[in-house]
4 protein chains.
Amino acid sequence: MAVNKREKIMDAALLLFAERGYDGTTVPMIADTAVVGAGTIYRYFESKEALVNELFNECVQRFTDSVKRNYPYSDSIRAQFTHIFNGMVRFAKEDIHALYFIDTHSEARYLDPQSREAFQQLLDFFHSYVNSGKEQGLIRPLPSDALIAIVFGAFVKIYTLIRAGKIIETPELLSQIEESCWDAVRIHSD
Amino acid sequence: MAVNKREKIMDAALLLFAERGYDGTTVPMIADTAVVGAGTIYRYFESKEALVNELFNECVQRFTDSVKRNYPYSDSIRAQFTHIFNGMVRFAKEDIHALYFIDTHSEARYLDPQSREAFQQLLDFFHSYVNSGKEQGLIRPLPSDALIAIVFGAFVKIYTLIRAGKIIETPELLSQIEESCWDAVRIHSD
Amino acid sequence: MAVNKREKIMDAALLLFAERGYDGTTVPMIADTAVVGAGTIYRYFESKEALVNELFNECVQRFTDSVKRNYPYSDSIRAQFTHIFNGMVRFAKEDIHALYFIDTHSEARYLDPQSREAFQQLLDFFHSYVNSGKEQGLIRPLPSDALIAIVFGAFVKIYTLIRAGKIIETPELLSQIEESCWDAVRIHSD
Amino acid sequence: MAVNKREKIMDAALLLFAERGYDGTTVPMIADTAVVGAGTIYRYFESKEALVNELFNECVQRFTDSVKRNYPYSDSIRAQFTHIFNGMVRFAKEDIHALYFIDTHSEARYLDPQSREAFQQLLDFFHSYVNSGKEQGLIRPLPSDALIAIVFGAFVKIYTLIRAGKIIETPELLSQIEESCWDAVRIHSD
DNA sequence: TATGAATGAGTGTTCATTCAT
DNA sequence: CATGAATGAACACTCATTCAT
């Protein structure tokens, strides 16, 4: 698992925030799950709010990295879609709670400007992808926000099911879901 | 505005639970928003937990009714999809917070068996629709849960944007989004 | 039972104060037991505190009356003891809760001066009896307070048992208990 | 003064419960009297009810110990009476509020089975004493419950007076009161 | 006159945070 | 560094009292 206390705390907080939400999670709960003293958390984080912000930032950063790493800038829109989708899958697999945590906390009132900015940068990346797809006449002429919401909304709900064990993650299923998401946003020639 | 106190309390609670979540909403907040005394809430609801459950039940019931009302059992799968989609739209329009409230609270630890059952019945209805579409070879052969998650996930995220004022709800947009959602689950002949 | 609402309220309050104490009894409890609306109590009594005081006064008055009625001023100390004892028995029988209510509330912080005074008058009566017995050399030369405490303490505990059904009230038993109480305070010639 | 917080809380609770009763005592009152924060009480006791039960148990245990310690099993009934009486005096002296607290809370609705059992064991001890006295023809043939009630009722009321400063506790007075109590239960040969 | 819905101060209890060890 | 005992503000909830009907 985590090597040092800071990571143990963040891992515990991520698990609990994803499962119970920020307000439903107490600092002693985090301490117990992380197997540290409650006071120890305050050696690493100024407050519960600072903790959730650092955690959110870190998760969004990892998500962004996952999606952007080796991004095929010169490939086709379809190939880029696969790249992004695979990046999201990789991120969700790596840390099963992080995706849900990001989704359920991205509009939270306690997020600081930096956290909002980090999330916005992720959205910006999606926007630029979608815009380029729309310009090429391959993606539907809907508001970019809407297109992103459709894919991201569908994807998060799918991984919520996987996390809950209600559907089993297989390469075939993921491939079909990717197809489904792509069909949701692409322009159909028929 | 609601006519009686019970409704004022439920309206206030729905708004706050949707905006801040159950744990982030205090009973005094609900009382203030409903413009009633804190004690008054306990004349109508046994506890905060009873309140969220009654609210959830009522919302799920309205959602189910909206979707099932005048359901065209003998029409085509495509026409039935439109009917369901329009039912969801009608529900979301009628009470902008209810859809988000249902989505964010449907897995909550404080939901009682009755609430879970009500939500399950809604899911069951979607399942029977999806199954019938799969049998007719018109909907993709994916797990029904996954198909429902894709459409519902996309739809909720879209209405979150509408609620936040980031996209404007027009008949044209909704029609395109319906098309997009349908393309996500239908089998493509090309 | 009680003919008018005022009496119904006082009966209910007496029962509940005896069983649960003043602080453990709520005004709605009294209203429910008396089968009147909660607001009705405030038509007859200014406050819960006023109610307990009126009740205490009334009980002490009845107790005093029971003990003093037909008091044999010219009889022997022994005969007077029997008279007092029988008066206490009569009072306890008439209203099984009143004796216990008086005992458990006679030192309460919410008793007003009038209530304290009424109780004091009862004590004064006992004092004059005890003093006269001591002067005649028939009652032990202990502080009067102590002698009263012994008999009253024993008597109340006995009736608590009777009220709880742990011992059965028979004339023989009562007669023996009177003997026992008398032996506790009399001077023994042997 | 108590050395640790747990004892400070129990001391404060005992004082307040004896003076105002369980329902008339608030947790903040206990905290103030014990000079600790209100939250601190919940580090040591699960709830107010758990606190009153622990306190009751502990007091009954000390009372039982006081009465049973060095009990002269082979001495006369009269000598055993003195032993018990002195045990009660010692207990009452050691902690002036504990006796009154036990007496006023022994039938309370919030006592758990363990507390009731502890009190019952104390009563059982008195029963066996009284029974042995009755068998030897030295104690009146009244129900044991009644005999215990007489002595215990008298004793508690006496110590209530002493606690209130209305009579002064001297060896002579106590000795006379013991005589009085004994005379209440013994068989008289004259 | 009688009511019970409504209230908000006050209750028992929790929890983010601090700090002596 | 790490802890967990201690805290008090804030929580969910209750109840004496009021007042429109």
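Here is the naming used below: chain letters follow the sequence lines, and residue numbers restart at 1 for every chain.
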For the pair made of [atom1] in [X] and [atom2] in [N], what is the distance, rounded to whole Å?
X        : N      : atom1 : atom2 : value
B/Tyr110 : F/dA12 : OH    : C1'   : 15 Å
C/Asp32  : F/dA16 : CG    : P     : 12 Å
B/Asn4   : E/dG4  : CG    : C1'   : 16 Å
D/Asp23  : F/dT14 : CG    : P     : 15 Å
C/Glu46  : F/dT17 : CD    : P     : 10 Å
A/Arg43  : F/dC1  : CZ    : P     : 8 Å
D/Ile41  : E/dT11 : CD1   : P     : 13 Å
A/Leu16  : E/dA16 : CG    : C1'   : 16 Å

How is [X] classified with respect to the nucleic acid when contacts are heavy atoms under 4.0 Å: base, sugar-phosphate, or nothing?
X       : value
C/Thr40 : base
B/Val27 : sugar-phosphate
A/Tyr44 : sugar-phosphate

First encountered from the 5' end of DNA chain E, between A/Glu49 and B/Gly37: B/Gly37
Nearest to the side chain of [X] - [options]?
X       : options               : value
B/Lys5  : E/dT7, F/dT3, E/dT17  : E/dT7
B/Thr26 : F/dT17, F/dC11, E/dA6 : F/dC11
C/Tyr42 : E/dT17, F/dT17, E/dA2 : F/dT17
A/Lys48 : E/dT17, E/dT3, E/dA5  : E/dT17

Tell me the partner of F/dA10, counting only Watson-Crick (N1-N3 plus N6-O4 or O6-N4) or G-U wobble (N1-O2 and O6-N3) with both under 3.5 Å; none if nothing fits. E/dT13
Need the pair for E/dT21. Rule: Watson-Crick or G-U wobble, both distances under 3.5 Å, any strand; none if unpaired. F/dA2
One thing to verify: whether A/Glu54 and A/Arg6 come together as a salt bridge, which I'm taking to mean a side-chain N less than 4.0 angstrom from a carboxylate O. yes
Assess whether a salt bridge exists between A/Arg62 and A/Asp95, defined as any Lys/Arg side-chain N lying under 4.0 Å from an Asp/Glu carboxylate O. yes
Show the numbers, then the answer: is there a ring pair (Phe, Tyr, Trp, His ring centres under 6.0 Å) between D/His105 and D/Phe101? CA-CA 6 Å; D/His105 291 75; D/Phe101 167 69; 4.6 Å; yes
Could you give me the CA-CA distance, side-chain angles and deciding distance for D/Tyr100 and D/Tyr159, then say whether ring pair (Phe, Tyr, Trp, His ring centres under 6.0 Å) is met? CA-CA 8 Å; D/Tyr100 191 66; D/Tyr159 260 91; over 10 Å; no
A side-chain contact here means heavy atoms from C-beta on lying under 4.5 Å apart; do C/Gln121 and C/Glu117 qualify? yes
DNA chain F: B/Ala38 or C/Gly39, which has the more 5' nearest nucleotide? B/Ala38
Start at the 5' end of DNA chain F and walk down; is the nucleotide closest to D/Val36 or to C/Met29 reached first? D/Val36
